[in-house]
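Sequence lines set the chain letters: A, B, ... in the order given, protein chains first and strands last, and positions in each chain run from 1. FYI, side chains are in, hydrogens and waters are out, and symmetry mates aren't considered; it's all heavy atoms of this structure.
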There are 2 protein chains.
Amino acid sequence: MSAQDKPNRGARAHHPGPEELVQTAAMARRFYLEGKSKIEIAEEFGLSRFKVARTLEAAVRDGLVRLEVRLPAELDDELSDALRTRYGLSHSIVFRCRPEDADDPAQVTRRLGSVTAGLLAEIVMDDDILGLIWGPEIEALGPELTTLARCSVVQLCGVTPLRPVDANAVEAVRRAASVARGPVYPVYAPLLLPDAATAGMLRRQPGIVEAVSRFDRITKAVITVGAWGPGLSTVYDALSAAEREEYRLRGACAEVSGHLLDAEGRDVAPELTERILAISLDELSETPEVILLADGVVRSEATAAALRTGLFNGLVTDTGVAERLLA
Amino acid sequence: MSAQDKPNRGARAHHPGPEELVQTAAMARRFYLEGKSKIEIAEEFGLSRFKVARTLEAAVRDGLVRLEVRLPAELDDELSDALRTRYGLSHSIVFRCRPEDADDPAQVTRRLGSVTAGLLAEIVMDDDILGLIWGPEIEALGPELTTLARCSVVQLCGVTPLRPVDANAVEAVRRAASVARGPVYPVYAPLLLPDAATAGMLRRQPGIVEAVSRFDRITKAVITVGAWGPGLSTVYDALSAAEREEYRLRGACAEVSGHLLDAEGRDVAPELTERILAISLDELSETPEVILLADGVVRSEATAAALRTGLFNGLVTDTGVAERLLA
DNA sequence: GCGAATTCTGCTCATATGAGCATTCATTTC
DNA sequence: GAAATGAATGCTCATATGAGCAGAATTCGC
């Protein structure tokens with residue numbers, strides 16, 4: 001009884017017969033696969049070029065022609081693109097993990113390191129001053145670096161003396177410099193110091209001042225983000241229980257280069273700045289390229305907070321984080 | 001202008017980094033999936049439209065973008081197209097059989113009927129005079145016919161009284177006419193008669209003359225082809241052993257509308273013409289559209305012979321036959 | 001180092017293509 | 001039967017695109 005039951009309206013659903021299907025497919029092959037022009041096709045089939053255009057349009061719409069964009073499987077171009085647009089990034093890379101690795105944070109971090117190494121090989125140019133923060137992600141980056149333009153490498157923060165693996169912080173920096181055949185400026189000092197005076201003194205130490213003095217000339221920085229919880233942030237782990245609670249109350253949910261941010265990306269602990277040995281947020285904001293590495297959904301909110309600072313123009317992350325960032 | 005940020009061209013090794021991959025994918029998506037123009041994409045990514053064009057070109061070449069043409073699975077557009085070009089046909093439809101059906105001739109024939117029904121629904125127009133030959137293929141066609149323009153339906157040959165199923169010959173014609181809401185002209189007589197006189201007499205019989213007199217006005221004919229062997233041709237089965245051998249010696253390898261053809265498509269038994277009740281080859285050659293139905297590789301050579309007559313401008317067949325026709 | 005070969009880039013200009021419109025044709029609706 | 005509706009077709013004209021070329025940059029070979 002409805003209007004659509006009328007035989008003619010069925011023409012909208014238009015059930016194409018085999019002849020039409022075959023001809024449409026032939027035209028599609030000519031156009032998409034053989035690269036013929038629509039005008040040539042029109043001549044071959046005795047149609048107007050407009051008819052050809054409309055037929056091909058319909059063929060794509062009806063799925064007769066499938067246009068598929070697929071990256072080498074380990075990268076998710078769709079999420080990358082969405083993030084890039086959403087957060088106005090210049091670089092946005094979302095990598096995929098095989099299902100069996102998705103639950104193994106170490107595996108995910110390794111993948112992150114590998115992808116980041118590729119990115120650096122691509123975007124670092126001769127005479128760049130490359131700054132690397134510390135973090136498990138940077139540790140994973142080190143061994144993956146195999147190609148890099150001639151550049152200097154500067155360590156952007158001190159190490160946390162709590163874990164033996166921290167040697168890798170410096171190791172990654174050295175490795176990068178070695179690959180880059182350029183000078184290296186490591187920081188052999190703790191990240192968090194008891195007071196501003198000590199920090200200030202260390203900043204002037206030979207061997208450290210060489211790195212620190214370059215913080216305002218970094219051209220490309222690679223930064224990680226920590227979440228406000230045990231094992232998720234070097235600063236968190238280094239603070240006393242009272243301090244942790246204090247900053248929690250102030251809304252700290254992310255740690256970037258030793259600075260604590262709330263969900264809006266505001267620095268909630270400016271006074272800490274004097275006690276840490278790391279590139280400042282101001283210096284970062286002067287750095288032309290700042291890449292944020294973030295893996296693991298546990299760091300999703302922290303990553304969102306970090307992005308809100310507007311400091312970052314690049315992001316490398318996994319699909320899990322990417323999906324939360326877009327939700 | 002943007003000469004300052006030229007990426008490190010270590011890309012000579014053909015090894016694009018993740019950034020390039022992701023950006024290329026994003027551009028490909030814009031162009032192929034979102035329908036943006038290359039100029040728009042160039043603006044968005046800050047590139048020249050030429051760069052965009054070259055990047056997309058490379059993306060297609062390297063398989064990053066897959067352009068796939070695929071028919072609803074039961075039709076083979078590639079073979080169809082190849083046959084169409086090779087034999088200069090206006091209609092060429094090659095259907096695929098599921099592997100489990102490929103060895104069951106009855107199934108293949110059923111598929112042929114179904115596809116042909118679709119083709120007829122497409123190409124038959126009001127006031128056409130549709131001619132149907134007899135054959136198992138036509139039997140299979142009958143039940144599949146569901147849509148047809150208003151046209152007359154003429155049976156193009158007599159039946160072979162050897163098998164009870166032959167009733168279906170007339171049945172298919174009736175069914176077609178019923179779907180077409182038009183007049184029907186069946187032939188209630190045998191295909192092969194003992195002599196020319198009997199045949200001539202029958203041709204003038206009321207009820208038969210109505211059909212026969214229309215043989216020279218058919219606008220669209222559907223013809224099957226038989227091979228020269230037992231069970232593969234109605235004429236073969238109706239002849240005596242001596243006659244069979246005689247015609248075999250003359251090179252008969254195909255039977256079309258009761259006429260015997262050699263491998264070159266020549267009529268090797270003109271004298272039979274007077275003894276059969278079927279549309280003549282001359283009349284067929286005057287018919288604007290003649291569709292040949294051929295299924296089963298056993299009929300491959302016969303089909304090739306039939307096509308060599310130049311009588312046919314349409315072909316419906318299965319992948320097996322199509323491949324042999326192209327070999 | 002210094003040319004030579006190669007690649008990459010953006011340009012011009014001819015061609016291909018798309019958006020929108022007018023016409024035709026078929027069908028519906030009163 | 002006449003008017004209205006709607007789909008299909010082909011046109012004009014502005015825009016998008018490709019082929020081929022010249023200059024710039026890069027790499028190569030000595």
Side-chain angles (χ1 to χ4, degrees), chain A residues 1-17 19-20 23-24 27-28 30-62 65 67 121-122 124-127 147 149-150 181, chain B residues 1-17 19-20 23-24 27-28 30-62 65 67 121-128 147-151 181:
Chain A
M1 278 298 218
S2 81
Q4 276 147 5
D5 289 340
K6 289 160 188 169
N8 192 31
R9 295 308 179 97
R12 177 155 305 166
H14 191 222
H15 208 320
E19 163 77 1
E20 189 180 340
Q23 166 148 318
T24 301
M27 298 197 308
R30 295 281 189 290
F31 186 76
Y32 288 106
L33 270 27
E34 299 171 15
K36 305 268 185 191
S37 81
K38 295 179 182 177
I39 293 178
E40 285 177 294
I41 297 166
E43 279 161 4
E44 173 180 350
F45 290 87
L47 304 167
S48 78
R49 69 182 179 86
F50 305 99
K51 178 67 178 168
V52 173
R54 283 171 181 135
T55 303
L56 291 180
E57 202 179 328
V60 172
R61 177 163 28 79
D62 301 346
V65 172
L67 302 173
E122 232 181 323
V124 169
M125 294 178 294
D126 286 355
D127 302 324
T147 318
R150 261 175 215 282
R181 296 144 298 167
Chain B
M1 286 205 172
S2 54
Q4 72 238 19
D5 57 308
K6 54 189 181 199
N8 178 17
R9 285 294 159 217
R12 59 181 165 249
H14 228 66
H15 201 310
E19 164 76 1
E20 189 180 339
Q23 166 149 318
T24 302
M27 298 196 310
R30 295 282 189 288
F31 186 76
Y32 288 106
L33 271 27
E34 298 172 16
K36 303 269 183 191
S37 81
K38 294 179 182 177
I39 293 177
E40 285 177 294
I41 296 167
E43 279 161 4
E44 174 180 348
F45 290 86
L47 304 167
S48 78
R49 69 183 179 87
F50 305 98
K51 178 68 179 168
V52 173
R54 284 169 181 137
T55 303
L56 292 181
E57 203 178 326
V60 171
R61 175 163 29 79
D62 302 346
V65 173
L67 301 174
E122 233 180 321
I123 66 169
V124 169
M125 292 179 300
D126 286 356
D127 303 323
D128 258 337
T147 318
L148 217 46
R150 260 176 216 281
C151 67
R181 297 144 296 170

**OP:** Considering non-hydrogen atoms only, spot the tightest contact between A:Ser48 and A:Ala42 and give its length.
**Re:** C-CB, 3.8 Å

Subject >> Paired and unpaired positions of DNA chain D as dot-bracket, Watson-Crick or G-U wobble under 3.5 Å, | denoting a partner strand >> reply: ||||||||||||||||||||||||||||||

Original post:
Which whole-number value in Å describes the distance from B:Glu57 CD to C:dC8 P?
Top reply: 13 Å

**OP:** Calculate the interatomic distance between A:Arg61 atom CZ and C:dG18 atom P; express it in whole Å.
**Re:** 14 Å

Subject >> Nearest-0.5 Å distance that lies between atom CD1 in A:Ile41 and atom NZ in A:Lys36 >> reply: 8.5 Å

**OP:** Using the side-chain contact (heavy atoms from CB on, under 4.5 Å) rule, pick out the option among B:Val52, B:Thr55, B:Leu56 that qualifies with B:Phe31.
**Re:** B:Leu56

Original post:
For B:Phe45 and C:dT9, what is the distance between atoms CZ and P respectively, to the nearest whole Å?
Top reply: 16 Å

**OP:** Let me know the distance between NZ of A:Lys36 and P of C:dT17, rounded to the nearest Å.
**Re:** 13 Å

**OP:** Can you see which heavy atom on B:Tyr32 is nearest to which on A:Leu67, and at what distance?
**Re:** O-CD1, 3.4 Å

Original post:
When you measure from every atom of DNA chain D, which of residues 37-44 of chain A have a heavy atom less than 4.0 Å away?
Top reply: none

Subject >> Nearest-angstrom distance from the residue atom CZ of A:Phe31 to P of C:dA16 >> reply: 12 Å

Subject >> From A:Arg54 atom CZ to A:Arg49 atom CZ, the distance as rounded to the nearest 0.5 Å >> reply: 10.0 Å

Subject >> For DNA chain C, the residues among residues 46-54 of chain A that have a non-hydrogen atom under 4.0 Å from it >> reply: A:Arg49, A:Phe50, A:Ala53, A:Arg54

